[in-house]
2 protein chains.
Amino acid sequence: MVATTESNTANEEMKVERSVTTLRSLTLEKMRDAILDFRFKPGERLVERTLCERLGVSRSVVREVLRHLEAEGLVETIPHQGPAVTKPDPAQAAQIYEIRGLLESEAARACALNAPEAAIAELGGVIDEIDAAFQTGSPREVLRRTTEFYEKLFVAAGKEVAWDVVRSLNARINHLRSMTIAQEGRHRAAIAEMRLLHAALLRRDAAGAYEASRAHVATVAGLAGAILSRI
Amino acid sequence: MVATTESNTANEEMKVERSVTTLRSLTLEKMRDAILDFRFKPGERLVERTLCERLGVSRSVVREVLRHLEAEGLVETIPHQGPAVTKPDPAQAAQIYEIRGLLESEAARACALNAPEAAIAELGGVIDEIDAAFQTGSPREVLRRTTEFYEKLFVAAGKEVAWDVVRSLNARINHLRSMTIAQEGRHRAAIAEMRLLHAALLRRDAAGAYEASRAHVATVAGLAGAILSRI
DNA sequence: GATTGTCTTATGGTATACCATCATACGTAA
DNA sequence: TTACGTATGATGGTATACCATAAGACAATC
């Protein structure tokens, strides 16, 4: 049994990898990036023939990509009115922040317990980059780097599925997140909160990491709530 | 301002609703149901032309539906090998149960605090139906009713987004869930655990509901883990 | 100037055609 | 009988055609 298992593994390793990239997957990536980077605004209609021209692909590819983005919640389609970028819904936003709080704090706890030293060190480096992006006045860069931070946190904690969930939910409140980042005075507080979390991770303080993460999400949830109540 | 708001609301109420159902949305529902009801087995290839014949629609509709199911995680597509029903991955299954534990116990807590009496009473009725389905030896009916129970729990708790997340994750471990239900002796224990949760809800015991839910998911996670280790 | 009727254009829904690539089957030669 | 080469069929990827419906533009009438 062991012998055959080893030989199977050897055969698996021999297999030629097929990494042909389809037009569809390239287009999906570009569309998702364009939405998350506000090149398509929340509420903006996504007219199929217009997208064909901009992307240089056929309607088949565009329609399949729209179906994918629809399932991800980034696009909503009203029958016979067509697709549009999803707008943040206040009630849903509040629930999304709550789910984030639950999943992120659990990931922070697990990270403090299990993550390799190198991974925790890397998180510190990303916080520095977030700080630099704040200083150069690049909100998109701040958002991008913050996403990178959390991806590394979740992966280091061994929670890839939770990361998929959080990334998908975050995409739906991308605009709100951008607005909380752009708040006056948010720079200093955000960096302080992230360093607090990182310090807890460094000293392997699971409860401290949990609490720092929970508090951070509660803070940004409150900011987002205030923004929504002004719209 | 108030006057115009009222007049806007009156105009909104007057609007004609367009509820035309596309072939695509009907097909999506049928495919999802077929997968969740094991008419397509985990790992089974979904050949486009075969699906066209079975469903009586064109490849355009089939491909768009496959893209949607792909984004939901129910289908996976290997380039140039085609789509297949997603198979449960042990590492991902463990993480999915953990996320369920976090979200379901929070929903149970909120349900104990906030849900209307009628909603909690309704939950009791669904447990009775689950019991009956166990007794008639209908695992599919047990699975269906259990899904119904949790949907009502989340909605009563006001956590529709979390329900979307849990439903989507559950779809990916549908086969595992079916196998834990089919375990010998599971009937009695499952019903007891659900009644424990319901009793806590009835007496508005938030901490008790939280703990009962957490323990229940931990139990089924353990059963699923044991099943996976035997495969 | 406003309203109504009609025509045209825009757009999503769906079907089908074509192509490239890969797997399988068959024939031939050693 | 086995191995190799070639042909054929299967299948996913992509493009395009056609249709129906709704929205918008324009002209005529009051």
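Throughout, protein chains are lettered first and strands after them, A, B, ... in sequence-line order, and every chain is numbered starting at 1.
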Enquirer: Scan B:Arg24 against the nucleic acid and name what it touches under 4.0 Å (heavy atoms): base, sugar-phosphate only, or nothing.
Expert: sugar-phosphate
Enquirer: Please determine whether a side-chain nitrogen or oxygen atom of A:Arg45 lies at a distance below 4.0 Å from atom OP1 or OP2 of C:dG12.
Expert: yes
Enquirer: Taking atom C1' of C:dT11 as reference, at what distance in whole Å does atom CZ of A:Arg59 sit?
Expert: 7 Å
Enquirer: Ignoring backbone atoms, establish whether B:Ser58 has a side-chain N or O less than 4.0 Å from OP1 or OP2 of C:dT14.
Expert: no
Enquirer: Look at the rings of B:Phe134 and B:His187 and say which category their plane angle falls in: under 30° parallel, 30 to 60° tilted, over 60° perpendicular.
Expert: parallel
Enquirer: Nearest-Å distance, CG (B:Leu51) to P (D:dG12)?
Expert: 9 Å
Enquirer: State which residues pass salt bridge (Lys or Arg N to Asp or Glu O under 4.0 Å) with A:Arg177; sequence neighbours excluded, sorted by chain then number.
Expert: none
Enquirer: Rounded off to whole Å, could you give me the CG-to-C1' distance for the A:Leu55 and D:dT14 pair?
Expert: 14 Å
Enquirer: Write down the distance between CD (A:Glu53) and P (D:dA15), rounded to a whole number of angstrom.
Expert: 14 Å
Enquirer: Given atom CZ of A:Arg67 and atom P of C:dG12, what is their separation to the nearest angstrom?
Expert: 10 Å
Enquirer: Within a strict 4.5 Å, meaning less than it, do heavy atoms of the A:Met179 and A:Arg230 side chains meet?
Expert: no
Enquirer: Compare the minimum distances between each of C:dT14, D:dG12, D:dT14 and the side chain of A:Glu64, then state the nucleotide with the smallest one.
Expert: D:dT14
Enquirer: Decide whether A:Glu72 and A:His68 meet the rule of one side-chain donor and one side-chain acceptor closer than 3.5 Å.
Expert: yes
Enquirer: Would you please classify the geometry between the B:Trp163 ring and the B:Phe154 ring as parallel, tilted or perpendicular, with 30° and 60° separating the classes?
Expert: tilted
Enquirer: 5'-most contact on DNA chain D: B:Thr50 or B:Ser60, nearest heavy atom basis?
Expert: B:Thr50
Enquirer: How close or far is atom C1' of D:dG13 from atom NE2 of A:His68, stated in whole angstroms?
Expert: 15 Å
Enquirer: Using heavy-atom distances to pick each residue's nearest nucleotide on DNA chain C, tell me which of B:Arg49 and B:Gly56 is more 5'.
Expert: B:Gly56
Enquirer: Could you state the atom-to-atom distance from CG of A:Leu66 to P of C:dG13 in whole Å?
Expert: 10 Å
Enquirer: Using atom CG of A:Leu46 as one end and atom P of C:dG13 as the other, report the distance to the nearest whole Å.
Expert: 13 Å
Enquirer: Among C:dT11, C:dT14, D:dT14, which nucleotide has an atom closest to any side-chain atom of A:Arg63?
Expert: C:dT14
Enquirer: Nearest to the side chain of A:Leu23, heavy atoms from C-beta on, is which of C:dT11, D:dT14, C:dG13?
Expert: D:dT14
